[in-house]
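Before I ask anything, here is the structure I am working with.
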Amino acid sequence: MIPFFVLTGAFIVCRALGWAGVEFFAAWQNCLRVAVAAMFLLTASAHWGKRRGDLVRMVPPAFPRPDLLVTLTGLAEIVGAIGMLWTPVTRAASLGWPFFWSPSFRRMSTRHDIS
């Protein structure tokens, strides 16, 4: 739920900055890009924090080296956050992010009683 609050809060702050006259934030699309980047950075931090063990346990047993996969997906989220802010690759970054919200990993979290 915290990522949702970061996404929403960052968007609201950016919109307020736009209304206050900051030109970049005048367009809601730029506000959304910044908000998604902030959310990605937050969720990426979990890949090395106290929740790392939970993420490693969510990786399906068919995949080798779950710890490496967790690290790689954390790095991919950081790259995705940068991509959301770097205009030449924003479209590619925005099309790639749904792969990190895979329902299979959500199922694994409920199967292993991980919140």
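All values below were derived from every heavy atom in this structure, side-chain atoms included, with hydrogens, water molecules and symmetry-related copies excluded.
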Query raised in the report: Is it the case that more than 12 heavy atoms not belonging to W48 sit under 6.0 Å from its CH2 atom?
Result: yes
**Report entry** Contact list for residues 13-25, test side-chain hydrogen bond (donor to acceptor under 3.5 Å, both in side chains), sequence neighbours left out
**Finding:** none
I'd like a table of donor-acceptor pairs (distance under 3.5 Å, sequence neighbours excluded) in which one partner is a side-chain atom from residues 25-35, with atom names and distances.
unit_1 : atom_1 : unit_2 : atom_2 : d
N30    : OD1    : R33    : NH1    : 3.1
N30    : ND2    : F24    : O      : 2.9
R33    : NE     : M84    : O      : 2.8
R33    : NH2    : M84    : O      : 3.4
R33    : NH2    : L85    : O      : 3.3
R33    : NH2    : T87    : OG1    : 3.3

Indicate every side-chain donor-acceptor pair of residues 58-65 with a distance under 3.5 Å to a residue at least two apart or in another chain.
unit_1 : atom_1 : unit_2 : atom_2 : d
R65    : NE     : D67    : OD1    : 3.3
R65    : NH2    : D67    : OD2    : 3.4

**Report entry** M39 with F5, same ILVMFWY side-chain cluster at under 4.5 Å
**Finding:** no
Query raised in the report: Are V56 and L69 grouped together when hydrophobic residues (ILVMFWY) are joined by side-chain heavy atoms under 4.5 angstrom apart?
Result: yes
**Report entry** Partners passing side chain to side chain donor-acceptor pair (under 3.5 Å) against T71 (at least two apart in sequence or in another chain)
**Finding:** R52
Query raised in the report: Got a second to check how far L41's CG is from I82's CD1, nearest 0.5 Å?
Result: 7.5 Å
Report summary line: Under a side-chain separation threshold of 4.5 Å, the hydrophobic residues clustered together with V6 are I2, L42
